[in-house]
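Reading through the structure tokens given below for one structure.
Just so we're clear, the structure is a prediction, and the values are computed from it rather than from any experiment.
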Amino acid sequence: MRKIVVHMSVSLDGYFEGPGGDLSWHRVDEELHQHFNDELRTMGGYLDGRVTYELMAAFWPTADQDPAASAATKEYAGIWRDTPKIVYSRTLEKADWNATIVREVDPDEVRRLKAEPGGDLVLGGAELMAAFLRHDLVDEWRTYVHPVLIGRGRRLFPERDVRTDLRLVESRVFGNGVVLLRHQR
């Protein structure tokens, strides 16, 4: 059975984005970007909220056409375009680039998707992750902790009344100081 995998970067103080959506604190160098490509190439699909989808769709469809783009950037542009995407949104009218819009998180439909053959499904977006957590649908977290304190912004994990015990199945330190913490239920 496929897993639902949260694949997110976070500051050391727990934020996935700074004030005003700032992501400039991300420490993505060639090593980390290639790691992301290697991980995401195996995924069977992206499950994104509207904000995450729009952020990605604003850059990745044509990122490989920039002559100054790195090899890893060019490679990921193709991975992103080719991978099927489900965009959860009540307001988005149209989604291109191999994407389907779904209006609500239906736990039974997500379980059906998990039962289909193929690679794991990567979950993007903190609000969507919170909805999946409410329905107990997340199987794994791949949290990339960046060595920076940003002080404020949007926290990755929502406040919850439910405790979820996880087990660490992998950790890795990258040359730029980013640490991968991979946890499963």
Side-chain angles (χ1 to χ4, degrees), residues 3-43 45-60 63 69-73 75-77 79-80 83 85 87-88 105 119-185:
K3 293 182 289 193
I4 303 292
V5 178
V6 172
H7 190 280
M8 295 283 287
S9 289
V10 64
S11 66
L12 186 60
D13 51 352
Y15 298 99
F16 74 93
E17 68 179 30
D22 179 34
L23 301 177
S24 65
W25 52 270
H26 283 201
R27 304 290 191 254
V28 180
D29 60 7
E30 285 300 304
E31 176 194 20
L32 184 58
H33 202 227
Q34 188 59 56
H35 167 79
F36 287 161
N37 290 357
D38 295 343
E39 292 282 309
L40 296 170
R41 179 185 305 106
T42 68
M43 295 293 167
Y46 292 106
L47 308 175
D48 288 333
R50 179 192 54 80
V51 173
T52 299
Y53 171 78
E54 289 180 334
L55 177 72
M56 300 297 280
F59 180 76
W60 288 108
S70 69
T73 295
E75 179 184 9
Y76 184 68
I79 292 168
W80 187 84
T83 303
K85 292 164 255 326
V87 182
Y88 290 87
V105 175
D120 292 337
L121 303 167
V122 65
L123 182 62
E127 289 181 34
L128 185 60
M129 180 187 69
F132 272 62
L133 284 172
R134 282 191 299 274
H135 294 295
D136 197 29
L137 295 169
V138 179
D139 302 300
E140 182 173 311
W141 288 261
R142 295 179 192 175
T143 310
Y144 294 84
V145 182
H146 293 247
V148 61
L149 301 172
I150 61 174
R152 59 192 180 98
R154 291 183 62 202
R155 292 215 168 265
L156 177 58
F157 293 99
E159 289 189 21
R160 301 179 52 198
D161 293 329
V162 177
R163 174 180 159 163
T164 304
D165 290 319
L166 307 172
R167 62 187 168 84
L168 181 67
V169 296
E170 178 186 4
S171 64
R172 176 178 172 182
V173 179
F174 294 89
N176 61 5
V178 172
V179 177
L180 162 63
L181 298 173
R182 186 171 153 230
H183 291 89
Q184 293 179 345
R185 303 189 77 200

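- If you take CG on L40 and NE2 on H35, they are separated by 8.0 Å, rounding to the nearest 0.5 Å.
- Remark: E127 does not engage R134 in a salt bridge, criterion side-chain N to carboxylate O under 4.0 Å.
- Between the side chain of D120 and the main chain of M43, no donor-acceptor pair closer than 3.5 Å is present.
- Between F36 and Y144, the angle of the ring planes goes over 60°, which puts this pair in the perpendicular group of the 30/60° scheme.
- Atom CG of L133 is separated from atom CD1 of I4 by 11.5 Å, given to the nearest 0.5 angstrom.
- For the atom pair NE2 of H33 and OG of S70, the computed distance is 6.0 Å after rounding to the nearest 0.5 Å.
- Between G49 and L128, the closest heavy-atom pair is N-CD2, 3.5 Å.
- Separation of the Y53 and Y46 ring centroids does not fall under the 6.0 Å cut-off.
- In summary, the side chains of S9 and H146 do present a donor paired with an acceptor at a separation below 3.5 Å, with no hydrogens or angles considered.
- Expressed to the nearest 0.5 Å, how far CG of N37 lies from CH2 of W80 amounts to 14.5 Å.
- Of all heavy-atom pairs spanning G175 and E31, the tightest one is N-OE1, 2.8 Å.
- Residues R172 and E170 are not paired through a salt bridge, judged by the lack of any N-O separation under 4.0 Å between the basic side chain and the carboxylate.
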Show the numbers, then the answer: is there a salt bridge (Lys or Arg N to Asp or Glu O under 4.0 Å) between R27 and D29? CA-CA 6 Å; R27 304 290 191 254; D29 60 7; over 6 Å; no
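- Partners of R185 by side chain to side chain donor-acceptor pair (under 3.5 Å), not counting sequence neighbours, listed by chain and number: D136.
- Atoms CD1 and CD, on I79 and E39 in that order, are 11.0 Å from each other to the nearest 0.5 Å.
- Judged as a salt bridge (charged side-chain N to carboxylate O under 4.0 Å, His left out), the pairs with a partner in residues 5-22 (not counting sequence neighbours) are, in order, E17-R154.
- The main-chain N or O of V138 is never found under 3.5 Å from a side-chain atom of K3 such that the two would form a donor-acceptor pair.
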Would you check, one step at a time, whether the test side chain to side chain contact (heavy atoms under 4.5 Å, CB included) holds for D139 with V5? CA-CA 6 Å; D139 302 300; V5 178; over 6 Å; no
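- Taking all atoms of both residues into account, the shortest heavy-atom contact from F16 to W25 is O-CZ2, 3.3 Å.
- Nearest heavy-atom pair across N176 and P147 is O-CG, 3.9 Å.
- For the side-chain contact (heavy atoms from CB on, under 4.5 Å) with R142, the lone residue among R182, Q184, M8 that qualifies is R182.
- Side chain of T52 to main chain of D48: no donor-acceptor pair is present (N/O by atom type, distance under 3.5 Å, no hydrogens or angles).
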Could you go through the side chain to side chain contact (heavy atoms under 4.5 Å, CB included) check for W141 and L181 one step at a time? CA-CA 8 Å; W141 288 261; L181 298 173; over 6 Å; no
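- Residue D165 places its CG atom among more than 12 non-hydrogen atoms of other residues, nucleotides or ligands, all under 6.0 Å distant.
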